[in-house]
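Please read the structure below before turning to the comments.
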There are 2 protein chains.
Amino acid sequence: MDPHLLRTFVAVARLGSFSGAARDLGYTQSAVSQHIAALEGDLRTELLTRRPVRPTAAGARLLEHAGPLLLRLDAARADVARLAVAPPERITLAASPLALGPRTLTALPATGVTLRVMPRAEIPAAVATGAVDLGLVDGLAAPSDPLRLPDVAPLTVTGVGEDELAVLLPAGHPLAGRSALRLADLGDARWLDAPEAGIPLPAVRAALGMPGCRPSLRYDGTDLQTLYALSAAGHGLTLLPHRAAASVPPPAVAVPLSTPRLVHRTELLTPHTPTPPATALAHRLTTGA
Amino acid sequence: MDPHLLRTFVAVARLGSFSGAARDLGYTQSAVSQHIAALEGDLRTELLTRRPVRPTAAGARLLEHAGPLLLRLDAARADVARLAVAPPERITLAASPLALGPRTLTALPATGVTLRVMPRAEIPAAVATGAVDLGLVDGLAAPSDPLRLPDVAPLTVTGVGEDELAVLLPAGHPLAGRSALRLADLGDARWLDAPEAGIPLPAVRAALGMPGCRPSLRYDGTDLQTLYALSAAGHGLTLLPHRAAASVPPPAVAVPLSTPRLVHRTELLTPHTPTPPATALAHRLTTGA
DNA sequence: GACAGTTACGCCCAACGTAAGCATA
DNA sequence: TATGCTTACGTTGGGCGTAACTGTC
């Protein structure tokens, strides 16, 4: 189970082709063939069908492990490297779209920071592998409970804020006139599925305890304006932190959701040993100035 | 970052000796030296001080990653192997001490199962690496919230029960006479630290929101009778599932803890593709018969 | 017959053991 | 001086590329 073999395996599985993976990795087709043969020999199982090239059941199992495994390997290397190399003068902060509240935005220094908005699911890995220096992630949680993040590597997690929730509705929606909503009001609503920009539907389902809630249109992208516009156009509801309600454009309405059990939480992710400039920015973000 | 090198590195760090690790791994001392040199060369950093042999800062960082990494590697191999080999006729169930309630105990079939009680922290890894077939783990959680388990590998987690909490006290304790306790009553109590048998103190602290609660004697072991005896002898309080109160021997008393925010939860851990007999047992355990 | 994965073979590097070197208690 | 890690060196096995082979569309 040499990581090289594993890397080749995922490339072949992803591309569905030995020769493609070879091109991708800078090997010859023959080497890739030998890699796969070596892996299959080691595990005494066929991992791929040939013609067409597709993972077998065992291969699919292995693929599930290979991703996190290779990620942790990169994370380990990055973590050790951080101690040795000179800290960068420019640091980059990754944030999920809804993690950027006014408090964090004003806490950013005037210079030296690159802000990168990315899908929430990619942020832990980006911080772990050193692709970015810090990460801001948002999500649903019980009050003062930490978020459930995939532990791709030992990361330090700090809460930076909790907000009430609000529901985004089109102006003409039957519930749009209410001053506040309860969970019971939302039982048969249709929800936008926007895992990158909004809150992933599985998380909504789990947190709200609505196993049946049906998805509507899906939006893959990190642009909040698009999310708001989709909701305004009647494609489904979305959860928001209440503080974001102010920036919702007119055709849509944000109504507070009154539930004591849930908050919108945002957290700061840092490596265990951040570089000094990253530590400084982390401090500004957590203390609010 | 060959896993072999990593394995050698953790062995050296653990034993504090190159020659010791060599003996342990079946290498020559020279090979171990070359392994470490190769790792250090690859990462361009000193990982160990020699004489005495101790991890450097970078080495300590790497050690934090190496354990989970090697564990996942074993888990991947075990997961794939499970699909290929014949399912065992005898299956073993690992359980943390407090996870064994009367319901699960009566659900066990008369034959074909080996029950192994082990520290809660080792159970996910044991299931992942195939050392055991199924795992029962207990812990503190918000009602209907899953437990926070280290994700050593993709495991399937199923809730099998939730209980009220109780506090174990010595009979003479000032609070022992009460019919129920609240969190506020426990602010300045001293707690037994028994991470293997009872609930780990950090978890208690986090769940109860008592950052200051002070530990008392520590007990490393999985024997509940010992835990009860220590508490009865006045060494500190412990949390229990309320259903366990019945089996507490006389010199100690279990008083219900009334808090809507917390329950004692037990969950069943299975690999994603359990063997058929494991699936059968899992079904008995989750359905209660 | 063309495309794509496999196998044969040769080269080279990398990993190991043996044994000599060297630093520290 | 002894213990224990490092370095030198020779051997072996494994990984890669070239090229011939084979199976499938």
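Just so you know, these numbers use all the heavy atoms, side chains as well, and skip hydrogens, waters and symmetry mates.
The NE2-C1' distance, from B/His35 to C/dG17, rounds to 12 Å in whole Å. Spacing between atom CD1 of A/Ile36 and atom P of D/dC16 amounts to 12 Å, rounded to whole angstrom units. Taking atom CZ of residue B/Arg54 and atom P of nucleotide D/dC5, one finds them 13 Å apart after rounding to whole Å. The separation between B/Asp42 atom CG and C/dA15 atom C1' is 15 Å, rounded to whole Å. If you measure from atom CG of B/Leu47 to atom P of D/dC5, you get 16 Å, rounded to the nearest angstrom. Summarising the geometry, the separation between CD on A/Glu46 and P on C/dT6 is reported as 9 Å, rounded to the nearest angstrom.
Near DNA chain C, meaning a heavy atom under 4.0 Å away, there are no residues from residues 1-18 of chain B. Contact check of residues 25-32 of chain B against DNA chain D (heavy atom, cut-off under 4.0 Å) returns B/Gln29, B/Ser30.
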Could you list all N or O pairs between the protein and nucleotides 9-14 of chain D that sit under 3.5 Å apart?
none

Please list, for nucleotides 23-25 of chain D, all pairs of protein and nucleotide N/O atoms separated by less than 3.5 Å.
unit_1	atom_1	unit_2	atom_2	d
D/dG23	N2	A/Arg51	NH1	3.4
D/dG23	N2	A/Arg51	NH2	3.1

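For the residue pair B/Ser30 and B/Gln34, a side-chain donor N or O sits within less than 3.5 Å of a side-chain acceptor on the partner. A/Ser19 and A/Ser17 share a side-chain donor-acceptor pair at under 3.5 Å. Between the side chains of A/Asp79 and B/His65, a donor-acceptor pair is found at a separation under 3.5 Å.
Using a 4.0 Å heavy-atom criterion, one finds that A/Ser33 contacts the bases of the nucleic acid, with or without backbone contacts as well.
Applying the ring-ring contact (aromatic ring centres under 6.0 Å, His included) definition to pairs two or more places apart or across chains, those involving residues 22-51 of chain A are A/Tyr27-A/His35. For residues 120-136 of chain B, every residue pair satisfying the side-chain hydrogen bond (donor to acceptor under 3.5 Å, both in side chains) rule, not counting sequence neighbours, is listed here: B/Arg120-B/Asp138.
A distance of 8.0 Å separates CG of A/Leu5 from CD1 of A/Ile36, quoted to the nearest 0.5 Å. In this structure, the separation between OG1 on A/Thr114 and CZ on A/Arg90 is 3.5 Å, given to the nearest 0.5 Å. Atom CG in A/Asp220 sits 12.0 Å away from atom OG1 in A/Thr226 (nearest 0.5 Å). Distance check: B/Thr222 OG1 to B/Leu227 CG gives 10.5 Å after rounding to the nearest 0.5 Å.
Salt bridge A/Arg72/A/Asp74: absent, no basic N to carboxylate O contact under 4.0 Å. A salt bridge does not link B/Arg7 to B/Asp2: none of the charged side-chain nitrogens sits closer than 4.0 Å to a carboxylate oxygen.
Checked options B/Leu6, B/Leu48, B/Val12; the residue passing with B/Leu39 is B/Leu6 (criterion: side-chain contact (heavy atoms from CB on, under 4.5 Å)).
Judged by distance alone, with hydrogens and angles left aside, the side-chain atoms of A/Glu267 form a donor-acceptor pair with the main-chain N or O of A/Leu147 at under 3.5 Å.
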